[in-house]
Amino acid sequence: MTWGTELWDQFENLDKHTQWGIDFLERYAKFVKERLEIEQTYAKQLRNLVKKYCPKRSKDDEPRFSSCMSFYSILNELNDYAGQREVVAEEMGHNVYGELMRYSQDLKSERKHHLQEGRKAQQYLDQCWKHMDNSKKKFERECKEAEKSQISYDRLDNDINATKSEVEKAKSQLYLRTHSADESKNEYAAQLQNFNGEQWKHFNVAIPQIFKNLQDMDERRTVKLGETYRNFAEVERRVVPIISKCLEGMVTAAKAVDQRKDSAIVVESFKSGFEPPGDFPFEDYSQNLSRTGSDNTISTPKNEGVVKPDPKHSISKAAKNKLWLFGKKPKAPSLEDFSHLPPEQRRKRLQARIDELSKELQKEVDQRDALNKMKDVYEKNPQMGDPQSLQPKISETMCNMEKLRSEIHKNESWLSEVEGKVSTRGDRRPSADVNHHTPHGRESPEGSYTDDPSQEHRSPPHQPDPRQAHQPDPRQAHQPDEFDDEFDNDDPLPVLGHCKALYSFDGQNEGTLLMKEDDVLYIIEEDKGDGWTRARKQSGEEGYVPTSYVEIAMEKNSKGAVTYI
């Protein structure tokens, strides 16, 4: 069924219907807009809720209880869920509301065009009808005038008193009127034929085509509404899997709650490390009273029945302060070594500080290595920069490293004290000293060891100086027992400065250090007049190198001022 054939005479109703269709489409678009605004508001409120209940402190300060961690996981999932609601709002705004509004404008333009075409066709038909009607009326008038002329001519022709001229004039008038009537008749017939043709075209060609276009437009509007209905649902459907994952994450977080783990964290957080207090001894204040016994009284021997206080169970003020369950916890000033804390809490705080200092030390080590590489590049390519300009920063970095190592060693000593062990560098050094590794076994001046005791204290031979300078023999300056004293200590010597190798040195003899030209070493012991300087590589290996083989820069103060030799 088509509008052009079935509704050929319903132009006004079709005008109203197509307008209603566009109004309905815009009404649905308004509904979608309000819906997406609800989604946006909902998402914003969810994000504000998550922000309100998220921890405002750092993660390190937050409790590590599984119930807290699960709640924070749920907040994260809810934040993701809010993000999906924002996606729904955005998709609705772009794929549904925006599309509907653009389509509505197109429909309005198309409808206006079709209706204008229909009105033009109707106006043209009305114009044809007016021409036909005018010709009809003219033909009618001409026929009436011709009839009057016929009657006048017949009357004069039958009148014996009428003159011949009068009869001829009436006859001539009749001829003119009859001729005009015939012409009007022919014109009317032509206009009538033309109108009938235009009217057939109007109702069988023009109007059906215009109405068909309106019908196609309205059907496309209906199809578009169906598509946007589906898109409206598809927007929700696309986020359902992600929302399901968010909900699954919340369920997983709920299952992760572990009451035993939380209880263990409570113990770890508040355990003092103190032993529970022992029994209070009985103190008999009546032992000095004179007693008069009777037959029925059993006298207590002078030295019997008196319970002497056990020194191990004597209660001191310090012990009373530990009975926090029965009184107010005493306030103690915060000390650097955390000695004001219970043993277990002190151990945890010291270990945390050691870890933090180790991270800072690693940063300084990385910075020093980067500066040394840059300095080497400047030395090989002077046009890129002055290598001496980096020296103050290198010295400052090395000074900071030594300070950090000192702090780590101090805290490790306190930690060993808490754990009841003697602090040794080998036990805890991997967490603090990044650059120095003490080998197992007996140490030698170069940080190596040998299983042959007879080879343990061999002195390095005389090394030739490429500059023809006299090179003293370290055997004359250092005796084997001196090497033992210097290298048996586990604590590394502090860095006094650094040096750059001018020449390669094989370091094959025990106690010496292999180095290549342009190597940068740390000075840990100055030349004592024997021509040898004790140095340390960045890898931690130590030994003696010829003083004349290196260019030395010694640190004069903590600010990193150096003197070049």
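Here the structure is a predicted model, which is why all the values come from computation and not from measurement.
Comment: Asp376 does not engage Lys373 in a salt bridge, judged by the lack of any side-chain N to carboxylate O separation of less than 4.0 angstrom. Salt bridge Arg353/Glu356: absent, no basic N to carboxylate O contact under 4.0 Å. Between Lys363 and Glu360 there is no salt bridge, since no side-chain nitrogen of the basic residue lies less than 4.0 Å from a carboxylate oxygen of the acidic one. Under a 4.0 Å N-O distance rule, the pair Glu236/Arg35 qualifies as a salt bridge. A salt bridge links Glu234 with Arg237: the distance from a Lys NZ or Arg NE/NH1/NH2 to an Asp or Glu carboxylate oxygen falls below 4.0 Å.
Considering all non-hydrogen atoms of both residues, Phe139 and Ser184 come closest at CA-CB, 3.4 Å. When all heavy atoms of Ala253 and Ile74 are compared, the closest pair comes out as CB-CG1, 3.9 Å. Here the closest heavy-atom approach between residue Cys246 and residue Tyr81 is recorded as SG-N, 3.9 Å. For Phe211 against Trp8, the heavy-atom pair with the smallest separation is CE2-O, 3.8 Å. Closest non-hydrogen pair, Tyr522 versus Lys537, comes out as CD1-O, 4.2 Å. Closest of all the heavy-atom pairs between Tyr72 and Pro55 is CE2-CD, 3.7 Å.
By the 4.5 Å heavy-atom criterion applied to side chains, Glu99 and Glu227 are not counted as neighbours. Inter-residue side-chain proximity for Val266 and Phe65 is flagged as met; some heavy-atom pair is nearer than 4.5 Å. Using a 4.5 Å cut-off on side-chain heavy atoms (C-beta onward), Glu417 and Arg346 make contact. Put simply, the side chain of Tyr103 does not reach to within 4.5 Å of the side chain of Thr228, judged on heavy atoms. Two residues are said to be in side-chain contact when any heavy atoms from C-beta on lie closer than 4.5 Å; Asn194 and Met132 fail this criterion. By the 4.5 Å heavy-atom criterion applied to side chains, Leu214 and Leu115 are counted as neighbours. In this structure the side chain of Arg220 reaches within 4.5 angstrom of the side chain of Glu110, judged on heavy atoms. Using a 4.5 Å heavy-atom threshold, the side chains of Gln40 and Lys44 count as separate.
Around the NZ atom of Lys138, the shell of radius 6.0 Å holds no more than 12 heavy atoms that belong to other residues, nucleotides or ligands. Remark: His94 NE2 is loosely packed, at most 12 non-hydrogen atoms of other residues, nucleotides or ligands lying under 6.0 Å away.
Checked by atom type and distance alone, the side chain of Gln345 pairs as donor or acceptor with a backbone atom of Ser269 at under 3.5 Å. Between the side chain of Asn381 and the backbone N or O of Gln383 there is no donor-acceptor pair closer than 3.5 Å. Distance alone, capped at 3.5 Å, places no donor-acceptor pair between the Ser406 side chain and the Glu402 backbone. Although no hydrogens or angles enter the test, the distance criterion places a donor-acceptor pair under 3.5 Å between the side chain of Asn196 and the main chain of Leu192. A donor-acceptor distance shorter than 3.5 angstrom exists from the side chain of Lys348 to the backbone of Glu268, with no hydrogens or angles considered.
In this model, a donor atom of one side chain and an acceptor atom of the other lie less than 3.5 Å apart for Glu183 and His179. Between Gln84 and Asp80, the side chains place no donor N or O within less than 3.5 Å of an acceptor N or O (distance only, hydrogens not considered). Counting only N and O atoms by type, the side chains of Glu219 and Gln215 include a donor and acceptor under 3.5 Å apart. With no hydrogens or angles considered, no side-chain donor-acceptor pair links Gln19 and Asp15 at under 3.5 Å. Defined by atom type and a distance below 3.5 Å, a donor-acceptor pair is present between the side-chain atoms of Glu26 and Ser104. Counting only N and O atoms by type, the side chains of Asp262 and Ser66 include a donor and acceptor under 3.5 Å apart.
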Lys410 and Glu336: side chain to side chain contact (heavy atoms under 4.5 Å, CB included), yes or no, with the steps?
CA-CA 11 Å; Lys410 180 170 61 176; Glu336 183 184 6; 3.1 Å; yes

For Leu78 and Met250, what are the C-alpha separation, side-chain angles and deciding distance, and is it a side chain to side chain contact (heavy atoms under 4.5 Å, CB included)?
CA-CA 8 Å; Leu78 188 60; Met250 294 182 185; 4.0 Å; yes

Evaluate the criterion salt bridge (charged side-chain N to carboxylate O under 4.0 Å, His left out) for residue pair Asp216 and Lys212; output intermediate values, then yes/no.
CA-CA 6 Å; Asp216 292 342; Lys212 183 178 183 301; 3.3 Å; yes

Before giving the answer on side chain to side chain contact (heavy atoms under 4.5 Å, CB included), spell out for Phe11 and Arg119 the whole-Å C-alpha distance, their side-chain angles and the decisive distance to 0.1 Å.
CA-CA 9 Å; Phe11 183 85; Arg119 290 189 178 93; 4.0 Å; yes

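Once rounded to the nearest 0.5 Å, the distance linking CE of Met101 with CD of Gln105 reads 6.0 Å. Between Leu371 atom CG and Gln391 atom CD the span is 10.0 Å, to the nearest 0.5 Å.
Legend: residues meeting side chain to side chain contact (heavy atoms under 4.5 Å, CB included) with Glu91, ordered by chain and number and at least two apart, are Val87, Asn95, Val235, Arg238. Every salt bridge (charged side-chain N to carboxylate O under 4.0 Å, His left out) that Glu140 has, sequence neighbours left out, goes to Lys144. For Glu86, the salt bridge (charged side-chain N to carboxylate O under 4.0 Å, His left out) partners at least two apart in sequence or on another chain are Arg47.
A cation-pi geometry, defined here as NZ or CZ lying under 6.0 Å from the six-membered ring centre and within 45° of its normal, does not hold between Arg27 and Phe31.
With Trp129 as reference, Asp133 is the one residue of Asp126, Asp133, Leu125 to meet the side-chain contact (heavy atoms from CB on, under 4.5 Å) rule.
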